[in-house]
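Below is one structure, written out as structure tokens; comments come after it.
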Amino acid sequence: MTNSNAESAEVTTSESRPSNFLQDIIAEDVRTKRFGDAIVQTRFPPEPNGYLHIGHAKAIFLDFGLAAEFGGKTNLRFDDTNPQKEETEYVESIKTDVHWLGFEWDKLCYASDYFGQLYEWALQLVKNGKAYVDDLSADEIRKHRGTLTEPGTNSPYRDRAIEESLDLFQRMKSGEFPDGSRVLRAKIDMASPNLNMRDPVMYRILHATHHRTGDAWCIYPMYDFAHGQSDSIERVTHSMCTLEFTDHQPLYKWFIAQLGIFPSQQIEFDRLNLTYTLLSKRKLLQLVQENRVNGWDDPRMPTLSGLRRRGFTPEAIRAFCGAIGASRTNGTTDVEMLEHFQRDDLNHRARRAMAVLHPLKLVIDNYPEGKEETVEVANNPEDPSAGTRQVPFSRELYIEHDDFREVPPPKYYRLSPGKEVRLRNAYFVTAKSVVKDAQGNVVEVHCTYDPASRGGNSPDGRKVKSTIHWVSAAHAISAEIRLYDKLFTKTDPNDFPEGGDIFDNLNPNSLEVLTDAKLEPSLASAKLENRFQFERVGYFCLDPDSGADKLIFNRTLALKDSWAKIEKKAGG
Ligand code: ATP
Ligand code: MG
């Protein structure tokens, strides 16, 4: 069992203390009645082009959490303005994930519900001389755009008559023109230092079927002409989004001001970045499409569905989100911090069980043949109310291969010839001899036990330096165990040499499947929602691939393994 992860919660960002700047802004707006008597209204606006990931959990936590804190409401709004990449499957998964995280939206909205209103508003801007139809190609528009240091140049169509733009825009809508032949642009300022203000495109022609509006539309609004207006329609007071939208804020305000509609306020916060983790739906989609992982809910994925399948809990994810807070500068958080919150949660809730991942037979020579007994074991030492259970014990057991060494290295206190250890909750045993296969591998260990040490303590006060777990061979159930490690080998998966790609950083050993683990019999009745700590091994949960005849457990996280560290340091 390796556990290469650091064990403590260490945070790399100095900004990672929960910051109150979003709370402060909202509190001040409430105090000054900036939005009159309107309640605090927020929204979570995912584009349904993939499954939600842990970065979205941060946004959800802020959108829903802050609104609730001020007695407000949060809408779930699908930003479905791009018919080519969006699917109903994603809409459904997003709803499931938001609920799973523990949040309830007020209204369920779709930007596509507003296509009619957005079109009316676009007409209004054309009529007011604030928007025009441009016949330039996308390429030409790009060339006219200028750079950060050079102003752009006006399109030759910029000053065409309002009537002409109006006519062309209506014909764009009615389907007269092919994709890409014309766009509707806002008429702002081609010399603006902010590139987003250089006559941004508002509508494009796209003869594509939309997941909700079907073929009703062949022109679609751009994000910038949909997002702020959707906020305004829903009377969103605080529209929180990530920092990359900061440069879009002037445009967000410009459209709202030109249209004279409800003045929603955009506020930006830092995107969650996690070490060793890819947080981009586009790239995660690539992992799925190229079969680098087994679907969006592969337990190695940072998606909420992947984390859920892996055994992460909404409580832990919320606690993590609360701890990272929000700030105004981007940073990177150690993935170990997320794991720390998960371990902490599981340590309190997980039922203990004994499971042997790499079985080695242990035979107690002086234990009567055919005898069986049960030992009473606490279900969770952290929680006495979880009760106890009876675990069968007999003459032949399985122990972990790694808990026996024929020639023990220094500081190795587990079983070795002549050494005595405690079998957890059961007896003291002393190793006597081994049986080897033709290759010289130890396949069986013989020992003797001290019947007076029942329960795990010797009446003469004798101490042992180690306690190991075990499963009675006759009673054990077999299971498949899936061990997960980091999906990427680099702290920043995007760090690859020129000519390479992100997949060069994939960890070839991120999944290890053990096909014949031995589990205590109580685990036969495990349910998907149960969380277990396999003693000394890690946290586990049942995988949905399990069937009546085949149990499969996922390792959520390893426990801290100080031995692995010592061995590593020693160069082992
Ligand atoms: P991705 O690049 O993964 O597709 P996105 O920003 O395009 O992310 P959206 O569906 O547009 O994804 O995101 C919905 C909301 O979630 C937005 O408000 C966005 O700012 C927020 N969000 C997305 N990724 C993160 C992240 N890593 N940390 C915090 N918030 C995020
Ligand atoms: Mg996006």
Side-chain angles (χ1 to χ4, degrees), residues 13 15-16 18-19 22 42-67 74-82 84-87 89-91 93-95 97-98 101 103 105 109-112 222-224 226-228 230-231 234 236 238-249 252 264-289 296 301-307 317-318 320-333 335 337-338 492-494 502:
T13 56
E15 297 268 345
S16 56
S19 149
L22 293 168
T42 64
R43 86 288 169 263
F44 172 62
E47 184 182 353
N49 61 347
Y51 281 58
L52 297 182
H53 52 61
I54 184 73
H56 293 111
K58 168 175 174 165
I60 292 169
F61 184 83
L62 292 170
D63 290 331
F64 283 85
L66 287 169
T74 306
N75 293 341
L76 173 59
R77 183 204 313 142
F78 289 101
D79 217 325
D80 57 350
T81 52
N82 185 354
Q84 284 162 319
K85 292 191 195 157
E86 294 157 2
E87 288 177 27
E89 176 197 347
Y90 299 140
V91 168
S93 76
I94 289 169
K95 289 199 263 183
D97 288 347
V98 172
L101 266 187
F103 297 103
W105 51 85
C109 309
Y110 295 83
S112 56
M222 303 300 289
Y223 170 87
D224 283 316
H227 196 81
S230 303
D231 283 344
E234 293 170 23
V236 167
H238 300 85
S239 176
M240 290 170 277
C241 64
T242 34
L243 284 166
E244 69 271 21
F245 292 103
T246 306
D247 289 345
H248 295 243
Q249 171 147 188
Y252 181 100
S264 303
Q265 166 71 53
Q266 174 176 310
I267 313 168
E268 304 88 9
F269 63 87
D270 59 322
R271 230 181 146 77
L272 174 67
N273 294 305
L274 278 182
T275 54
Y276 298 99
T277 310
L278 201 56
L279 295 180
S280 148
K281 277 182 284 177
R282 191 174 52 79
K283 289 179 188 159
L284 294 175
L285 174 64
Q286 222 180 327
L287 288 176
V288 173
Q289 283 175 335
W296 283 101
M301 290 280 271
T303 51
L304 296 180
S305 51
L307 290 166
I317 293 173
R318 290 201 305 264
F320 168 73
C321 290
I324 56 175
S327 89
R328 285 174 147 138
T329 48
N330 279 321
T332 301
T333 301
V335 71
M337 182 179 176
L338 172 63
D492 176 5
N494 286 301
I502 200 161

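In listed order, ligands and their atoms are each counted from 1. All residue numbers refer to positions in the sequence shown, counting from 1. Values in this document were obtained by computation on a predicted structure and should not be read as measured data.
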Should R282 be listed as contacting ligand 1, given a heavy-atom distance under 4.0 Å as the test? no
Interfacing atoms of ligand 1 (cut-off 4.0 Å, heavy-atom, [X]):
{"X": "P46", "answer": "10 (O), 14 (C)"}
{"X": "E47", "answer": "9 (P), 10 (O)"}
{"X": "P45", "answer": "14 (C), 18 (O)"}
{"X": "A59", "answer": "16 (O), 21 (C), 30 (N)"}
{"X": "F44", "answer": "14 (C), 15 (C), 16 (O)"}

Roughly how far, to the nearest 0.5 Å, is the OG atom of S305 from the CD1 atom of I94?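 I94 atom CD1 to S305 atom OG measures 10.5 Å (nearest 0.5 Å).
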Please round to the nearest 0.5 Å and tell me the distance separating atom CG of L278 and atom NE2 of H53. 8.5 Å
Output yes when the distance from some N or O of ligand 1 to some N or O of [X] is under 3.5 Å, and no in every other case.
{"X": "R43", "result": "no"}
{"X": "H53", "result": "yes"}
{"X": "L272", "result": "yes"}

Test: E234 and R43 ion pair at under 4.0 Å: no
Sequence neighbours left out, what passes ring pair (Phe, Tyr, Trp, His ring centres under 6.0 Å) with F64? Give chain and number order. F103
Winner among [options] once heavy atoms are compared against [atom]:
{"atom": "atom 7 (O) of ligand 1", "options": "M240, K281, K283, E268", "value": "K281"}
{"atom": "atom 24 (N) of ligand 1", "options": "E244, K58, R271", "value": "R271"}
{"atom": "atom 30 (N) of ligand 1", "options": "I54, T242, T303", "value": "T242"}

I'd like to check the side chain to side chain donor-acceptor pair (under 3.5 Å) partners of E268; sequence neighbours left out, ordered by chain and number. Q249, Q266
How about H227 and Y223: are their ring centres within less than 6.0 Å of each other?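 H227 vs Y223: aromatic centres under 6.0 Å.
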T329 to S327 - nearest heavy-atom pair and separation: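 That would be O-OG, 3.0 Å.
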Specify the closest pair of heavy atoms between G228 and Y252, including all atoms of both residues, with the distance to one decimal. CA-CE1, 3.3 Å
